[in-house]
Amino acid sequence: MKKVIISSYWTIAVLLISLVVMSLGYTFPESLFIAATFLPGAFFSLYFPERISRSGSVKDTLYVVAGILVVEISLILSAHFVILEMRNDFNAGVDSTKFCSKITLYCTKLHIFYAVQIVF
């Protein structure tokens, strides 16, 4: 029963976030996609503070909060750019194979960009 309540809570939360995102001009499927990008940050913020509270260091807490914010911002920006590419390609009448290859190339460039930022 507890798992049903938890899963229904997260489903309702995603639907409410998608309604807020819809007010920004996205369609319902696009807003669900963007709302789902909030889930990793929500799960991180639920489970990481328990591990940090044992150590009690303020510095560790700030690192975790900064990490969660970086993950959330990068996921939201990535989702927004994927949606923009989808809109451009579907409006231009591009077939799905070219669209998938463009998205794969974009995601590869994005991963390389973040990897370079982490290293330096």
Pair Y26, H80 - check side chain to side chain contact (heavy atoms under 4.5 Å, CB included), show working. CA-CA 10 Å; Y26 292 98; H80 177 72; 2.5 Å; yes
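- With rounding to the nearest 0.5 angstrom, the CD1 atom of I68 is 12.0 Å from the CD1 atom of I73.
- Atom CD1 in I34 sits 8.0 Å away from atom CD1 in I76 (nearest 0.5 Å).
- Nearest heavy atom pair, residue S18 against residue A35, reads N-CB, 3.7 Å.
- If you take CE on M1 and CD1 on I6, they are separated by 11.5 Å, rounding to the nearest 0.5 Å.
- Cluster membership check: L69 does not share its hydrophobic cluster with V71, using side-chain heavy-atom separations under 4.5 Å among Ile, Leu, Val, Met, Phe, Trp and Tyr.
- V65 and V70 fall into different hydrophobic clusters, where Ile, Leu, Val, Met, Phe, Trp and Tyr side chains are chained together by heavy-atom contacts under 4.5 Å.
- Grouping the Ile, Leu, Val, Met, Phe, Trp and Tyr side chains by contacts below 4.5 angstrom, directly or via other members, places I12 apart from V4.
- Going from atom NZ of K3 over to atom CD1 of I5 covers 13.0 Å, rounded to the nearest 0.5 Å.
- Grouping the Ile, Leu, Val, Met, Phe, Trp and Tyr side chains by contacts below 4.5 angstrom, directly or via other members, places V20 apart from Y9.
- Taking CG from L15 and OG from S8, the interatomic distance works out to 11.0 Å, rounded to the nearest 0.5 Å.
- Nearest approach of P40 to E72, heavy atoms of both residues: C-OE2, 3.9 Å.
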Please step through ring-ring contact (aromatic ring centres under 6.0 Å, His included) for the pair F43 and W10, ending with a clear verdict. CA-CA 10 Å; F43 293 139; W10 286 109; 5.0 Å; yes
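- For the atom pair CD1 (I83) and OG1 (T27), the distance works out to 7.0 Å, reported to the nearest 0.5 Å.
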